Each structure stands twice: as C-alpha cells, then as structure tokens.
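Lettering follows sequence order; numbering is per chain, from 1. Please read all numbers here as calculations on a predicted model, not as lab measurements. Note: hydrogens, waters and symmetry copies are ignored here, and every other heavy atom, side chains too, is used.
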Amino acid sequence: MQMFKAPRGTVDLLPQEQRYWRYAEQAAAGVCRRFGYQRLDTPTFEASGLFVRGVGEQTDIVQKEMYAFEDRGGDLVTLRPEGTAPACRAYLEHGMSSLPQPVRLYYFCPIFRYERPQAGRYREHHQFGVEAIGDGDPAIDAEVIQLGWSYARELGLGKLSLVVNSIGDPACRPGYLQALKEYYGAYLPHLCQDCRGRYERNPLRLLDCKQERCQPFIASAPRSSDYLCDACKEHWRRLLAYLDLLSIPYTTSHRLVRGLDYYTRTVFEIQPPDEGGQSTLLGGGRYDGLVQELGGPPTPGIGFGSGFERMVLNLKRQEVRVPEVLPRPVVIVHSGPQALEYGLGIAARLRKESLTVIVAPAQRSLRAQMRYASSVNARYAVVVGETEVRQRTGSVRDMDNASQEEAPEADLAAYLVAKVGLEQAG
RNA sequence: GUGGGCGUGGCCUAGUGGUUUAAGGCGCCAGGUUGUGGCCCUGGAGAUCGAGGGUUCAAAUCCCUCCGUCCACCCCA
C-alpha cells in the first residue's frame, strides 16, 4: 500500500503549531480593526487571465509559477498566486468605486506558487494582506505602512527593519530604466550570468543581485529616487515626511525593487534582523495602474502582503511567547461502567459552563486514567467511582498540588468554574 | 529550472561490509495487588534500515538510478 504524503511544498499545520497561527491572525485582525479595514475573502482560484493581466506577463509568477489548469468546462483557471489582483477584481465587480474612497480591505488566504520549496518558502503559503484602494495620496501610503509596521511590532518581533523606496511611475520610470541600462551597459562583461539576463529582461532586478562581483556596480548605480518626475518626487518627499511624523523608523534603499509589474512609486518591505534569502516578512507597494489594467477606471491603490509561515518562523526563532490556544482541561476519571455513564453526564454539564472537559479513555484502570490526565496536562481531574455514583458527588483533584475535594454533583460545575476562573485571573 | 547536504520504528539518534534475528533515548500501551497522576521500576507493541537495480560468499553499511526532504540560487511572503 502506497503511503500518501502532503504534496511537495505544502505542510500540515499540526495542533502544536496552531497557537502561533492564531496569535498572528489575531494580531492582524486587531490591527485592521483599529485602522478601520474590513475583511474581504475572494475565491481560491480565479480566471488565469486576471493574473496574467494584473501581475504582468513577464513576471516569474506568470511565467513559471502559476498553478494553472483547464477545468472540466474548458475554462482556464489559476490557484491564487497573490492577493492584490483578486482584491481589485472584487473592487470592480462589486462597484466599490461608489463606496466612500478609499476602500480599506484586508484578507487572510492561501497563496499558491509552483516553486522549489526551501526555508520560508512553500508552494502553498498563507498571507495576511491589506489593500487601500481609491486614494493616491501619500498619506495613505504612510497609513498602510504604519499598519504593517504596527502588526509586525505587535507580534513582539524585535529588530525589524522597514525599507522603503520609490520606483517612479510610467512618466519617469522609462527614463530611469534607460539610465540604468546605459550605466550597466559598460560593465556587462563583468556581471554575473543572472545579471546579464536581467539586463535584458528586467533591469530593475540588477539592483537586487546578491553576487559578490556585482555589488560594486550596484553601489554606484543610478538611483531611482534621483530620476523621479516632479509628481513622484513630491509623493516620495511627503511619504517620508509622514513616516517621520509618525516616528516610524525606516531606511531608504535604491536597491529595493519588487517583482510584480503593477508597482508604481512607493515600494516597501519589512525584514527581520538575520541575513538570508527568504527573509521578507511583509512587502508591498503602490499600484496606481492596476485597476485600470483590469478594465476599470483609473484608480490608485496601495497594499501589502505578509506571509504567515515566515512570521511564525521568526516568532519561533526569536522565542516570542505565544499563548496556548487550548485551556488545560478537566478530565473525568471513572471506574466501572456505571461510573462512566455518570461521568458522561457530569462532562456534559461542565461543558455547558464552557469548561474544557475530556473524558478519560474507557477500559483503562483508574491508575492509567490518572496517568492519562497528567499526560494531557489536566488542571483538574473529576474522579467518579462507586462511592461518588451512590452519593451523587464527584471528587475534584487538583492536579498541581494533589489536593482533592468532594462536591455534590449539582455543585461541581459552579465549583470548577470558580476554580478555573481564579486560575485565569491569577 | 540550477547546485549542494541528507534519508534507520511516531520523534531523535547509534551502527559506515560479516559478533545485527538492526541498538538506545523520547513518546505510546500495559503492569508495579484491593479507587488515584507527575519520579522510579518491569514488560509490550512498533523498522521489509526511502524505493529499485548492481557489486560481493556476505550490504543499513560500497556503486548506479529514481523518489523524498532540507539548504542555497532564480524569484518571492
């Protein structure tokens, strides 16, 4: 019999992992609530064309990473490889341009990209993302960045760095790209193999090369911020002023470029302290042409995506304290068939009071059941045997200090609720 | 897609050609008498040593292929 495994690049989120995810999710939802962002859920798959148009034909995502297939009706669909295009599609489809602008949205969703898995990178990963659509002012850029920064900080991660850059818009970027190519043209023979390809296909990426030999060229390459048109320059200047005003520590980097075609002007990332490839925890930027590209009216927008897997990785690395999701249970320990029946009734009543109750496995000795209670980290055990059944009582054992008290069946719930309440208060 | 490391019970590891009918630890199950846990003790279940092929009298151990996994690159969250 062949054994099945989770598909390559996917993982099972086991119970002991869950607390990290709930922790990050709750932080994200909380920040969004405070900033007035509303949740949007879009389908897990979309028409392939949405991504080809939105993300860009030349991007790696479209070229080689899409989970695309023809469905039984002959439609070409793709498992969502990113969150912004679907959000913009929904914005258009549901006439959100007639809502008060900007429309502030957030989402949690799985993202699919066919890539070779490695540390912090999966074929299915999960993103928390935010989009503010319908406002082109840099104040919104600052808001979205502030939201992302607050989220990352709230998780308790230390030593994060925020990097921002402006890559211009359709008015000024061509001029910059040309300057870049002219600059690099002279050094082509000295560049690494990858960079020679980038020179032709995507010059901006030249700035992102990690090869030792290419570093000197990057350092003295022309900077996008020096080639901005007046409008972009003003946008950039104001954004930085707002970030200063908000006391959000940032560094600017002309090396920060992002891989999706739709980005204009502002791009930003939040990175953890440690070096290494897959380190970006949160990344985004402005996409003023995207909605129009998808067939809508000219509509500015800005947003970011943040990968849960990487956040969790860093939470663990930095040993951030994360609360347990499941409270320590009350375990019903029973001896004999009558006691089991009696115990089941008690369990039901305790659960009505919202306590977490586990009935110890049947057909085991009392001793084994007590061991079981310990092994599941029970806070209290309610022991019921012949005596308790006869007297309609339960013996409540405090598993931490081995003290034990008997209480009438009718009072058990209230008794334990008081105990547990005390516990949680302390 | 390219390059490298690694694949021994659920988990971690020992064993690098014949004392191996593969060992230990954790975990799991049972027991340590009569109704009670955490420590300790005893016992048990659980591995065709990733798969296939080859070399050899003999392979977990050497070689090849494939698969998986991890890491790095490309790229990205």
Rounded distance (Å) that lies between atom [atom2] of [N] and atom [atom1] of [X]:
X: A:Glu65; N: B:rC76; atom1: CD; atom2: P; value: 8 Å
X: A:Asn401; N: B:rU36; atom1: CG; atom2: C1'; value: 14 Å
X: A:Tyr372; N: B:rA30; atom1: OH; atom2: C1'; value: 17 Å
X: A:Glu25; N: B:rA77; atom1: CD; atom2: P; value: 20 Å
X: A:Ile111; N: B:rA77; atom1: CD1; atom2: P; value: 9 Å

Between [options], which one does the side chain of [X] approach most closely?
X: A:Thr280; options: B:rC71, B:rA77, B:rC70; answer: B:rA77
X: A:Asp194; options: B:rG38, B:rC75, B:rC73; answer: B:rC73
X: A:Arg364; options: B:rG31, B:rC29, B:rG38; answer: B:rC29
X: A:His125; options: B:rG37, B:rA77, B:rC71; answer: B:rA77

Return no unless some side-chain N or O of A:Ser335 is found under 4.0 Å from OP1 or OP2 of B:rU36.
no

Classify the side chain of A:Gln404 versus the base of B:rU36 as yes if they form a donor-acceptor pair under 3.5 Å and no if they do not.
yes

For the side chain of A:Ser374 and the base of B:rG37, is some donor closer than 3.5 Å to an acceptor across the two?
yes

With nearest nucleotide decided by heavy atoms, which residue, A:Ala402 or A:Ser365, maps closer to the 5′ end of RNA chain B?
A:Ser365

Quick check on RNA chain B: between A:Arg397 and A:Gln127, whose nearest nucleotide comes earlier from the 5' end?
A:Arg397

Is it possible for you to check whether A:Lys316 lies under 6.0 Å from the centre of the six-membered ring of A:Tyr20, through NZ or CZ, and within 45° of that ring's axis?
yes

Stacked cation flag A:Arg123 on A:Phe112, 6.0 angstrom / 45 deg
no

With ring centroids as reference points, do A:Phe128 and A:Tyr107 lie under 6.0 angstrom apart?
no

Check for me whether the distance between the ring centres of A:Tyr106 and A:Tyr37 falls short of 6.0 Å.
no

Anything under 3.5 Å between a protein N or O and an N or O of nucleotides 3-7 of chain B, put it in a table, one pair a line.
{"unit_1": "B:rG3", "atom_1": "O6", "unit_2": "A:Arg116", "atom_2": "NH2", "d": "3.0"}

Going by atom type alone, with no hydrogens or angles, which donor-acceptor pairs under 3.5 Å involve a side-chain atom of residues 179-186 of chain A and a protein atom two or more places apart or on another chain?
{"unit_1": "A:Glu182", "atom_1": "OE2", "unit_2": "A:Gln178", "atom_2": "NE2", "d": "3.3"}
{"unit_1": "A:Tyr183", "atom_1": "OH", "unit_2": "A:Phe217", "atom_2": "O", "d": "2.5"}
{"unit_1": "A:Tyr183", "atom_1": "OH", "unit_2": "A:Ser220", "atom_2": "OG", "d": "3.0"}

Pair assignment for B:rU65, Watson-Crick or G-U wobble, requiring both distances under 3.5 Å:
B:rA51

Distances under 3.5 Å between protein N/O atoms and the N/O atoms of nucleotides 39-41 of chain B, please, pair by pair.
none

